[in-house]
Structures are given as C-alpha cells and as structure tokens.
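Being a predicted model, the structure only gives us computed values, none of them experimental.
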Amino acid sequence: MDSGALEAAVPAANSEAMRATRLPLHRTKVGMISLGCVKNLVDAEIMLGSVLQHGMEITSRVEDADVLVVNTCAFIDSAKEESIQAILEAHQQGGLKKRPQQKLIVSGCMSQRFSSELRGSLPEVDAFIGLDQVNELGAIVEHVVAGVGDCGDNFVTPRPSYIPDYDTPRFRLTPAHTAYVKIAEGCNHPCSFCVIPQMRGRHRSRSPSSVFAEIRGLVAEGVREINLISQDTTYYGMDLWTGKAGPRQPVDSLRGPTLATLLRKIQEIEGEFWVRLLYTHPAHWSKELIETIAQCDKVARYIDIPLQHIDDSVLRHMRRETSRAHIENLIEKLRAGIPGVALRTTFIVGFPGEREEQFETLLHFIERIRFERLGIFKYSREEGSRAANMPDQIPAKIKNVRYRMAMSIQQTIAQEIAREKIGGELKLLVDQPLTARTEADAPDVDARVILSKPAPVGEFIQQRIRGSRGYDLLA
C-alpha cells in the first residue's frame with residue numbers, strides 16, 4: 001500500500017546512537033512505500049513521525065525524495081516477491097532516472113528476517129533497518145545522507161523487542177476519521193505454517209494506560225473508528241500477569257490486564273466512535289470478553305477470528321492449539337452472547353497433507369456456519385516454517401481449484417446476507433461522499449455501502465438499505 005493521505009505528526013524520540021551524525025539544518029525529503037498489513041502500516045507511521053521530528057519533509061512523490069524507504073512484507077512468498085519488485089522499481093524510478101543521488105532504505109519484515117542475504121544481492125540499497133529501529137528512522141536517514149557508513153549498512157538487530165508507546169512519533173497515513181492502534185507486538189503461537197514469531201519476536205503488550213491515552217487522544221482529534229490490532233489481540237495483557245492467587249486473594253486481583261478490562265476502560269471515553277477488534281485467536285476467548293463486548297456499545301459487533309481450518313487432523317498439523325469442538329462451541333457462544341455480531345474469518349486451503357475429504361469437511365462447515373465475512377488463503381510454503389518440511393505438499397493446481405470452490409460458496413452466502421439487510425436501517429460511517437461502511441465492515445477488507453446522495457466524510461449517518469450489488473449494499 002502506498003503512503004496515501006498524510007496526517008498530523010507528533011514529536012519523536014531521538015536515537016542517542018545516531019546523534020553524532022546529525023546534519024546541519026537541511027530539508028531532506030523522505031518518501032515512503034509501505035507494503036503488507038496494517039501492522040506494518042503503523043510501523044510506517046512511526047517511522048515518518050521520527051522523520052518529521054528530525055526536521056525533514058515527507059513527500060508522496062518517489063522522484064522528489066532524497067531518501068526513499070520501502071517498508072517490506074515477508075508474510076508469504078508473493079509478499080516477498082512484491083517487496084523485491086518494489087525495491088527494484090523504486091531504484092529505477094527514483095535513483096537512476098530522476099535523482100541519481102537518491103538514497104534507498106529497506107525496512108519491515110523482509111528486512112528484519114533477510115537483511116544479511118539482501119545486503120549482498122541488492123547493492124542498490126543504502127541501509128537495512130529492522131523492527132527495533134522504526135522509531136529511529138530520522139536519525140538513520142541523517143546517517144545515510146551524510147555518507148558516514150558503508151553502502152548497505154545493516155542496522156537490523158535480532159529478536160526484536162520494541163513496542164511503541166502512546167507518545168511515540170506518528171504520522172498517520174489513514175483517513176482522518178479512522179486509525180489503527182497497535183496494542184501489542186510479536187506472537188507466542190507455534191503455528192506450523194507461519195514465521196511471524198521469527199520476524200517479530202515474542203508477544204509483548206503495551207500497558208493499558210498507554211493504549212488508553214493514545215485512543216483518548218485520537219478521539220479528541222475527531223477519529224470515529226479505532227481498530228485494535230496485534231498478531232493476537234485476545235492475548236493482550238497476559239504477558240503482563242504476575243503472581244499466583246492465594247487462599248485470601250482472588251485470581252482477578254493478581255491476574256493483571258486483559259482485553260476485556262481494556263475495552264471497559266475505552267468505553268468510558270466520551271465521544272461517538274467505534275472500537276473494532278481485529279486478529280483475535282480462537283484459543284484465548286473468555287466468557288468475560290464476550291460479556292464485555294455485549295455490554296459496551298462502543299465496541300463494534302464485529303469479530304475478526306482467523307480459524308484457518310476446521311478438520312481436527314489439519315488443525316493439529318497446523319499447531320493451532322484448538323479443535324473443531326472448541327471452535328464450534330465458541331461460535332455458538334459468540335452469536336448467542338453478542339446479538340447481531342458479524343463474524344469474519346480466514347481459512348487456508350491446500351495445507352500439506354490436506355485430503356479431499358478434509359477439504360470437503362471445511363466446505364460443509366462454511367456452508368453451515370454462514371460467516372458474514374470470510375477470506376481464503378492458498379497455503380504458501382514458507383522457508384523456515386515447520387510446514388515447509390512436511391510431506392505431501394499440495395500442487396498449485398489443486399490449491400487453485402479448492403480456493404475457487406470455497407470462495408464460490410462464500411460469495412453466495414455473502415450475497416444472501418446482503419439481501420437480508422434490504423429494508424432495514426443501519427448506522428454507517430462515511431468514508432467518501434458516496435461510500436460508507438457498516439459496523440460489520442472493517443476498512444479495506446470488507447464490503448461497502450454505496451450512497452445515493454453525498455454525505456459528510458468521517459461522520460456517522462443512519463440510512464435505509466434499498467438494495468444490494470454483489471457484496472455491497474445500496475443506501
């Protein structure tokens with residue numbers, strides 16, 4: 001995703017290690033190309049905040065940048081290929097054609113994981129930075145522009161431990177009315193298909209006061225939609241728990257912060273806004289969390305809960321720490337406990353050893369549960385993951401067929417659910433004069449509502465649904 005709209009920035013922290021390379025006042029222009037997920041987007045916003053604090057300018061034009069940063073993704077092979085292509089194209093469009101002296105910096109997950117290998121294969125790159133350096137970009141840019149280090153400087157540190165605080169420099173790249181708030185970083189899950197823990201480190205939560213302060217500030221700025229993100233949102237706070245309950249001490253007094261307690265605190269913030277939960281793992285849901293969402297009207301009736309599969313054997317090989325019985329019981333509790341909730345999930349097809357009958361089990365599950373929102377991924381063989389070495393890798397042709405079959409079923413379900421909304425009145429958040437979203441739709445990944453008359457961007461409106469078009473509604 002390109003940098004998009006640029007919003008207000010806040011002061012940044014300096015890197016003591018880089019101050020020695022501080023340049024005289026010079027309006028260095030920095031451009032940013034950010035790829036991948038919204039967690040990467042938040043990192044990009046923090047990097048640009050650091051750039052501004054160091055007295056530099058931000059430009060959205062590649063050819064105008066003195067320094068261009070490509071914030072990479074390495075989640076799956078196609079993302080790595082896209083990142084490499086973006087680096088090479090950035091060098092071609094900027095450095096070779098327009099600004100021969102332009103400097104190129106590579107950041108993000110691919111840099112974090114493969115910087116040593118990339119340094120030898122991409123001589124075009126002037127510096128590589130990792131996840132621990134996102135709040136130091138301004139100082140690193142000064143270092144690179146001054147020509148202090150060697151070509152291809154590698155600032156990446158292994159096993160990242162950084163987590164942003166609420167006053168971390170940030171230059172928002174989202175529309176003014178919506179924001180992503182990263183409440184934790186890293187992941188402790190052992191999923192066999194995934195290498196995110198190797199790139200982003202162990203799970204580490206921000207303090208509740210830090211998250212609360214950031215959200216309160218965003219709402220005061222006029223933000224109407226807060227999207228809580230991390231690798232596993234439902235694990236939030238558990239790494240901060242200390243102590244053990246004794247005979248006279250209730251467990252809750254020693255347990256520490258949870259997502260539920262955080263949501264109840266956010267509910268107290270004055271103003272009209274939605275809080276949306278993204279990336280919740282099915283293993284960590286609790287009765288307390290379900291009751292909290294039901295009782296807090298500022299928490300969107302929308303649950304993003306990636307399930308990945310439903311067959312027990314496949315789930316075990318995926319090392320998902322859950323089972324079909326647990327998943328079905330949880331879905332029943334979510335729908336009974338949170339009236340009107342919209343469930344969004346993702347599944348992986350073509351996982352090593354996935355037999356035809358196991359895939360059919362997944363299809364029947366999708367048909368029966370009727371998820372309001374659903375995405376399908378074709379399994380990607382990730383270097384360094386357990387699943388990459390598993391036997392019975394599925395051919396791409398079979399993956400493609402299974403992908404199309406699953407998405408065809410979901411397309412029918414989604415269109416039926418959309419038609420059921422016709423005639424009702426819904427609360428909408430306006431993204432563009434003629435485009436809005438319902439509570440059941442997260443930014444960029446879900447459906448839209450097409451408006452017949454322009455409405456004020458960034459405001460909530462009530463509209464009667466008069467029709468549907470594919471996945472989208474008409475109001």
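- Here the closest heavy-atom approach between residue Ser205 and residue Ala184 is recorded as CA-CB, 3.8 Å.
- A perpendicular orientation is assigned to the rings of Phe460 and Trp274, their planes being inclined by more than 60° (bins at 30° and 60°).
- Under the 4.0 Å criterion applied to side-chain N and carboxylate O atoms, Asp43 and Lys182 are assigned as salt-bridge partners.
- With Thr345 contributing its side chain and Leu307 its backbone, the two residues share a donor-acceptor pair below 3.5 Å.
- Inter-residue side-chain proximity for Leu451 and Leu428 is flagged as met; some heavy-atom pair is nearer than 4.5 Å.
- Within 6.0 Å of CZ in Arg264 there are more than 12 heavy atoms belonging to other residues, nucleotides or ligands.
- Here Leu343 contributes atom CG and Ile331 contributes atom CD1; the two are 6.5 Å apart, rounded to the nearest 0.5 Å.
- Across Phe371 and Ile413, no two heavy atoms sit closer than the pair O-CG2, 4.0 Å.
- A 6.0 Å sphere centred on CZ of Phe212 holds more than 12 heavy atoms belonging to other residues, nucleotides or ligands.
- Under the 4.0 Å criterion applied to side-chain N and carboxylate O atoms, Arg448 and Asp472 are assigned as salt-bridge partners.
- Side chains of Ile422 and Ser468 form a contact here, defined as non-hydrogen atoms less than 4.5 Å apart.
- For the pair Gln267 (side chain) and Lys298 (backbone), a donor-acceptor distance under 3.5 Å is present.
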Exercise. List the steps, then state whether side-chain contact (heavy atoms from CB on, under 4.5 Å) holds for Glu328 with Glu332.
Key: CA-CA 6 Å; Glu328 292 186 329; Glu332 183 178 339; over 6 Å; no
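- Other residues, nucleotides and ligands contribute over 12 non-hydrogen atoms within 6.0 Å of the NE2 atom of His281.
- Thr435 contributes no side-chain N or O that, together with a main-chain N or O of Gln432, makes up a donor-acceptor pair within less than 3.5 Å.
- For the atom pair Lys399 NZ and Phe377 CZ, the distance stands at 13.5 Å (nearest 0.5 Å).
- Without hydrogens or angle criteria, Thr261 side chain to Thr258 main chain gives a donor-acceptor distance under 3.5 Å.
- Between Asp311 and Thr361, the side chains place no donor N or O within less than 3.5 Å of an acceptor N or O (distance only, hydrogens not considered).
- Between the side chain of Arg344 and the main chain of Ala342, no donor-acceptor pair closer than 3.5 Å is present.
- At least one side-chain heavy atom of Leu426 sits under 4.5 Å from a side-chain heavy atom of Leu473.
- Within the 4.5 Å cutoff, no side-chain heavy atoms of Val314 are placed close to those of His317.
- Summarising the geometry of Asn40 relative to Thr72, their closest heavy-atom pair is ND2-O, 3.0 Å, with the distance given to 0.1 Å.
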Self-check item: Worked verdict on Ile293 versus Ile303 for side-chain contact (heavy atoms from CB on, under 4.5 Å)
Solution: CA-CA 10 Å; Ile293 295 172; Ile303 302 301; 3.8 Å; yes
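- Side-chain N/O atoms of Gln295 and Glu291 include no donor and acceptor closer than 3.5 Å.
- No hydrogens or angles considered: nothing links the side chains of Asp232 and His203 as a donor-acceptor pair under 3.5 Å.
- Salt-bridge annotation for Arg301 and Glu372: absent, with no side-chain N of the basic residue lying under 4.0 Å from a carboxylate O of the acidic one.
- Contact check on Arg437 versus Asp446 returns no salt bridge, with no Lys/Arg side-chain nitrogen under 4.0 Å from an Asp/Glu carboxylate oxygen.
- Looking at Met110 and Ile87, their side chains come closer than 4.5 Å, going by heavy atoms from C-beta outward.
- Looking at heavy atoms from C-beta onward, Met318 lies out of side-chain contact with Glu354 at the 4.5 angstrom threshold.
- Contact check on Arg216 versus Glu268 returns no salt bridge, with no Lys/Arg side-chain nitrogen under 4.0 Å from an Asp/Glu carboxylate oxygen.
- Remark: Ile290 CD1 to Lys333 NZ distance equals 6.5 Å, nearest 0.5 Å.
- The pair Arg113-Glu383 fails the salt-bridge criterion, with no side-chain N (NZ, NE, NH1 or NH2) lying under 4.0 Å from an Asp/Glu carboxylate O.
- Here the closest heavy-atom approach between residue Val195 and residue Gly384 is recorded as CG1-C, 4.0 Å.
- The only option from Val181, Ile266, Val219 that meets the side-chain contact (heavy atoms from CB on, under 4.5 Å) definition with Val275 turns out to be Ile266.
- The existence of a salt bridge linking Lys427 and Glu272 is confirmed by a sub-4.0 Å separation between a basic side-chain nitrogen and an acidic carboxylate oxygen.
- By the 4.5 Å heavy-atom criterion applied to side chains, Tyr162 and Ile46 are counted as neighbours.
- Residues Arg319 and Ser192 bring no donor and acceptor atom of their side chains to less than 3.5 Å of each other.
- Panel note: side chain Arg172, backbone Thr178; a donor-acceptor pair is recorded below 3.5 Å.
- Formation of a donor-acceptor pair under 3.5 Å by the Thr280 side chain with backbone atoms of Asp304 is found in this model.
- Residue Lys421 places its NZ atom among 12 or fewer non-hydrogen atoms of other residues, nucleotides or ligands, all under 6.0 Å distant.
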Quiz prompt | Stepwise side-chain contact (heavy atoms from CB on, under 4.5 Å) check, Asn188 with Gln231 | solution = CA-CA 9 Å; Asn188 291 355; Gln231 301 300 332; over 6 Å; no
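- Applying the 6.0 Å contact sphere to CZ of Arg469 captures no more than 12 heavy atoms from other residues, nucleotides or ligands.
- No donor-acceptor distance shorter than 3.5 angstrom exists from the side chain of Thr322 to the backbone of Ala283, with no hydrogens or angles considered.
- Proximity of Leu429 to Asp441: side-chain heavy atoms (C-beta onward) are nowhere separated by under 4.5 Å.
- Nearest heavy atoms, Tyr279 versus Lys39: CZ-NZ, 3.2 Å.
- Nearest heavy atoms, Ala455 versus Ile461: CB-CD1, 3.9 Å.
- The backbone N or O of Leu35 sits nowhere less than 3.5 Å from a side-chain atom of Asn71 that would complete a donor-acceptor pair.
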Quiz prompt | Worked check of side-chain contact (heavy atoms from CB on, under 4.5 Å) between His309 and Phe351 | solution = CA-CA 9 Å; His309 216 280; Phe351 186 79; 5.6 Å; no
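- Phe193 contributes atom CZ, which lies 4.0 Å from atom CD1 of Ile348 (distance to the nearest 0.5 angstrom).
- To the nearest 0.5 Å, atoms CD (Gln415) and CD (Gln410) are separated by 10.0 Å.
- Atom CD of Glu356 sits in a crowded spot, with more than 12 heavy atoms from other residues, nucleotides or ligands closer than 6.0 Å.
- For the residue pair Ser210/Asp165, the side-chain donor-acceptor check at 3.5 Å is satisfied.
- The line from CZ of Arg224 to NE2 of His177 is 10.5 Å long, rounded to the nearest 0.5 Å.
- Arg159 and Asp132 are not joined by a salt bridge, as no carboxylate oxygen comes within less than 4.0 angstrom of a charged side-chain nitrogen.
- No donor-acceptor pair under 3.5 Å is formed between the side chain of Arg320 and the backbone N or O of Asp312.
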